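Positions are given from 1, in the same order as the sequence printed here. Both ligands and their constituent atoms are indexed starting at 1 by order of listing. On a predicted model such as this, the values are computed, not experimentally measured, just so you know. Only this structure's heavy atoms are used, side chains among them; waters, hydrogens and symmetry mates stay out.
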Amino acid sequence: MNSPPKSGTLFVLSILLFAMAVFAVFAYYYFSTARTVNAIEVLSSPASPASTLAFASPKPLDPLPDPKSITPAPRAQVSSAHPKDLSHGMLSFNFDDGFVSAYNVAFPMLEQAGFASTEYIITRAAIGHSQYMTWQDVFNLAAEGNEIGAHTRTHVQLTTVSLQAAENEILGSKQDLESLGFHITTFAYPQGYFNAGIESIVEQAGFKGARITQPLLNDPSSDLFALKRQRIEMDTTWPEIKTAIDQAIAQHKWVILVMHRIDESSADQVNAPSSLLAQTIDYVKQTGIPVVTNDVGIDVLKSATSAKQ
Ligand SMILES: [Zn+2]
């Protein structure tokens with residue numbers, strides 16, 4: 001009569017152990033995700049780029065264009081600065097999501113100043129739609145010397161989907177752009193949502209670095225897969241931008257300025273006036289801070305890191 005209670009106890013014990021293991025795994029994912037999201041809620045504006053567009057999901061992914069059907073028609077030629085170190089600081093102009101107002105208003109201003117920028121593209125749910133650039137525009141930007149970066153396939157919040165779905169979004173967007181002939185090295189997390197698991201997917205996908213939506217400056221101690229930024233949005237003031245640029249120069253750091261829509265009539269939080277960009281461009285010229293693409297900026301941080309060791 002001894003053995004039934006024994007195996008019963010063993011059974012209860014193993015159920016307990018299993019439950020504890022499941023709880024530990026859930027707790028790990030919950031806290032690593034929750035911590036990131038809370039940090040972003042505290043640090044970023046109340047209406048983050050989330051408000052730009054809600055991509056209905058699931059829905060069929062947009063097909064990619066036939067690159068042979070596109071002939072790039074560059075309007076200007078720009079190139080990234082290649083500073084040898086951070087002694088004069090560094091600045092980048094980033095545009096997320098591929099809004100046509102950025103293409104029509106912001107890029108000509110930067111091109112006239114000779115500044116290359118980095119454009120983060122959503123590959124399967126935005127380009128070619130109303131308010132967004134066409135693939136022709138994206139090819140033109142690359143032909144002008146701007147960097148094209150990946151921003152997932154559908155702009156999903158990466159921490160809310162399975163790791164497999166996240167990989168499909170991250171690696172998939174890189175492969176989409178590479179299949180069109182673009183050289184892709186950097187990534188931006190949609191709305192800045194990331195955690196350790198998402199970061200490692202980005203790293204394993206072969207990117208050299210990625211940008212988040214937390215302020216402010218980057219330096220050789222920065223996590224290359226969680227690069228910070230200074231936003232330029234509806235409620236951003238000129239003193240905020242000027243302070244960030246001044247600090248980058250004085251502290252030998254890298255400031256990444258991030259924009260979305262420019263001069264649009266929409267009341268979207270991520271719409272910024274071109275007057276603010278014009279003021280920024282003038283100040284960048286005046287100070288002489290090197291303007292780099294994110295691709296080059298990451299290389300400079302890396303060489304500064306290895307020089308330190
Ligand atoms: Zn975005």
Query raised in the report: Between Arg261 and Asp268, does at least one N-O distance fall below 4.0 Å, as a salt bridge requires?
Result: yes
Requested in this report: Would you kindly say whether Ser87 and Asp85 are connected by a side-chain donor-acceptor distance under 3.5 Å?
Outcome: yes
Query raised in the report: How is the N/O/S atom of Asp97 that comes nearest to the Zn ion (ligand 1) named?
Result: OD1
Query - Backbone or side-chain N/O/S of His151 under 2.8 Å of the Zn ion (ligand 1) - result: yes
Query raised in the report: Is Lys208 paired with Asp299 through a side-chain N to carboxylate O contact shorter than 4.0 Å?
Result: yes
Query raised in the report: What's the atom name of the N, O or S in His155 nearest to the Zn ion (ligand 1)?
Result: NE2
Requested in this report: Examine the side chains of Glu240 and Thr237 and answer whether a donor and an acceptor come within less than 3.5 Å of each other.
Outcome: yes
Query raised in the report: Any N/O/S of Asp96 under 2.8 Å from the Zn ion (ligand 1)?
Result: no
